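Only one structure is covered here, and it is reproduced in the block below.
Proteins get letters first, then strands, A, B, ... in listed order; numbering begins at 1 in each. All heavy atoms count here, side chains included; hydrogens, waters and symmetry mates do not. Source: prediction; values computed, not measured.
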Amino acid sequence: MGLKEVNVTGPKVSFEIFGLKISETVILSWIVMALIIGIILFLTHNMSKTNPGKKQVVAEWIVTTFNKLVKDSMGERNIGYAPYMTTVFMFSIFGSLISLLGLRPLTGDFNATFSWALITFVMIQVAKIKNDGVLGYLKGFTEPIKLLTPLNIISEVAKPVSMSFRHFGNIASGIVITQLVYFALTSLSSAIGLDFPLFTIAIPSVLSIYFDLFCGFMQAFIFVMLTMAYVGSAYPEEN
Amino acid sequence: MEKAIVLAASAIGAGLAAIAGIGPGIGEGYAVGKACEAIGRQPECSGPVTRTMLVGCAIAESTGIYGLVIALLLMFANPFIGKL
């Protein structure tokens with residue numbers, strides 16, 4: 001009954017195809033993708049212009065909220081990024097929220113967050129090249145003086161690293177702390193002579209509200225906001 | 001014996017790495033305090049102020065997260081054990 005030892009592992013490898021290791025995270029992200037596609041298809045089913053139903057109102061609310069957010073923080077010119085931002089936000093938040101079902105949150109795997117951050121990195125570079133041209137982009141690294149070129153390159157590379165570590169660290173620390181609390185409560189129950197881990201009922205759910213709901217939502221929001229801030233500043237509004 | 005020393009040192013190192021949490025704690029507290037002041041002065045700006053504060057907090061948090069990542073590495077994916 002309960003946890004006998006603290007056991008924190010990375011995502012387990014479920015099976016291999018041609019030497020390619022398919023881990024828990026990959027399978028869970030397929031499930032999350034299918035879930036999101038299902039929800040979106042459900043919400044946008046039977047749309048009508050004259051007589052919108054409840055589902056359509058929800059779908060329209062999501063779209064207008066994200067359009068407004070992107071317009072506010074990236075400018076009118078970058079409104080085309082709104083669908084991508086919505087997708088990453090949805091993926092991240094559902095990926096964190098599956099931990100409510102007792103599954104391993106896929107954002108607790110560094111590979112998942114780092115791949116999103118790499119997409120952001122490519123987007124920043126593309127936006128910069130679009131704004132300044134190839135030569136202007138390369139010249140941008142030597143500013144304000146040529147001596148700072150290595151530092152500029154490091155700060156550029158550090159962006160995806162810090163973004164992905166932030167998202168991963170918040171969720172993974174939640175996993176570790178929850179495990180530790182479960183273990184502590186089990187030990188406490190057995191220390192006072194209970195065979196059944198009585199204290200593990202309901203007490204850890206308070207932590208779950210913080211780590212799963214609040215952190216999951218917050219980190220998804222922050223990841224998207226940072227992506228928007230970086231890409232928006234790389235491709236600013238024309239004066 | 002060597003392994004025990006490495007394990008003990010790693011555990012101490014993981015604990016020390018968690019000290020990195022102090023800096024972001026102070027910084028974020030300061031940022032949130034200032035944001036509260038700003039909202040108190042201009043309640044109509046609460047939306048953009050909150051948004052900016054959250055992003056600023058997230059950036060201030062990075063150093064703490066780096067410490068956490070090092071602690072996690074030392075505890076669960078120790079690179080020094082393999083070098084013995």
Side-chain angles (χ1 to χ4, degrees), chain A residues 5-11 65-66 68-74 85 92 107-111 113-114 117 120 155 158-177 179-180 211 214-215 217-233, chain B residues 7-8 10-32 34-36 38-39 42 44-82:
Chain A
E5 59 181 15
V6 182
N7 183 21
V8 180
T9 51
T65 309
F66 271 91
K68 191 170 172 296
L69 197 64
V70 171
K71 209 185 284 177
D72 283 350
S73 44
M74 294 172 80
M85 300 301 167
S92 168
T107 43
D109 184 350
F110 184 58
N111 299 309
T113 57
F114 189 61
T120 301
S155 79
K159 272 179 199 168
V161 174
S162 82
M163 271 175 84
S164 52
F165 269 143
R166 180 176 306 122
H167 199 156
F168 158 76
N170 272 286
I171 307 293
S173 65
I175 299 175
V176 175
I177 293 173
Q179 283 274 328
L180 287 174
F211 284 119
F214 180 73
C215 264
F217 181 80
M218 216 62 239
Q219 291 309 313
F221 179 72
I222 284 169
F223 193 89
V224 170
M225 279 306 287
L226 282 178
T227 307
M228 287 198 286
Y230 286 143
V231 178
S233 67
Chain B
L7 282 177
S10 303
I12 293 170
L16 287 177
I19 296 176
I22 294 175
I26 296 171
E28 281 177 27
Y30 199 71
V32 175
K34 285 285 179 193
C36 286
I39 293 174
Q42 277 177 302
E44 68 275 9
C45 284
S46 71
V49 168
T50 314
R51 228 169 28 225
T52 316
M53 180 201 75
L54 285 174
V55 174
C57 280
I59 290 180
E61 201 183 35
S62 346
T63 49
I65 295 290
Y66 295 154
L68 171 83
V69 167
I70 288 170
L72 286 178
L73 268 181
L74 284 175
M75 282 194 292
F76 303 115
N78 199 322
F80 302 119
I81 295 274

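Interface with chain A: from residues 47-62 of chain B, residues B/R51, B/L54, B/V55, B/A58, B/I59, B/E61, B/S62 qualify, criterion being any non-hydrogen pair under 4.5 Å.
Other residues, nucleotides and ligands contribute only 12 or fewer heavy atoms inside 6.0 Å of the CD1 atom of B/I22. Counting heavy atoms of neighbouring residues, nucleotides and ligands inside a 6.0 Å radius, atom CZ of B/F76 exceeds 12 of them. Heavy atoms of other residues, nucleotides or ligands lying less than 6.0 angstrom from CZ of A/F217 number 12 at most.
The greatest number of non-hydrogen atom pairs below 4.5 Å with chain B, out of A/V176, A/N170, A/L226, is found for A/N170.
Nearest approach of A/S173 to B/L68, heavy atoms of both residues: CB-CD2, 3.8 Å. Minimum heavy-atom separation, B/I65 to A/F165: CG2-O, 3.1 Å.
Neither the backbone nor the side chain of A/M163 comes within less than 4.5 Å of any heavy atom of chain B. Only the side chain of A/D72 comes within contact range of chain B, with at least one heavy atom under 4.5 Å from a heavy atom of that chain. Proximity to chain B is absent for every atom of A/F223, based on heavy atoms less than 4.5 angstrom apart.
Using a 4.5 Å heavy-atom cutoff, the side chains of A/F110 and B/V69 are not in contact.
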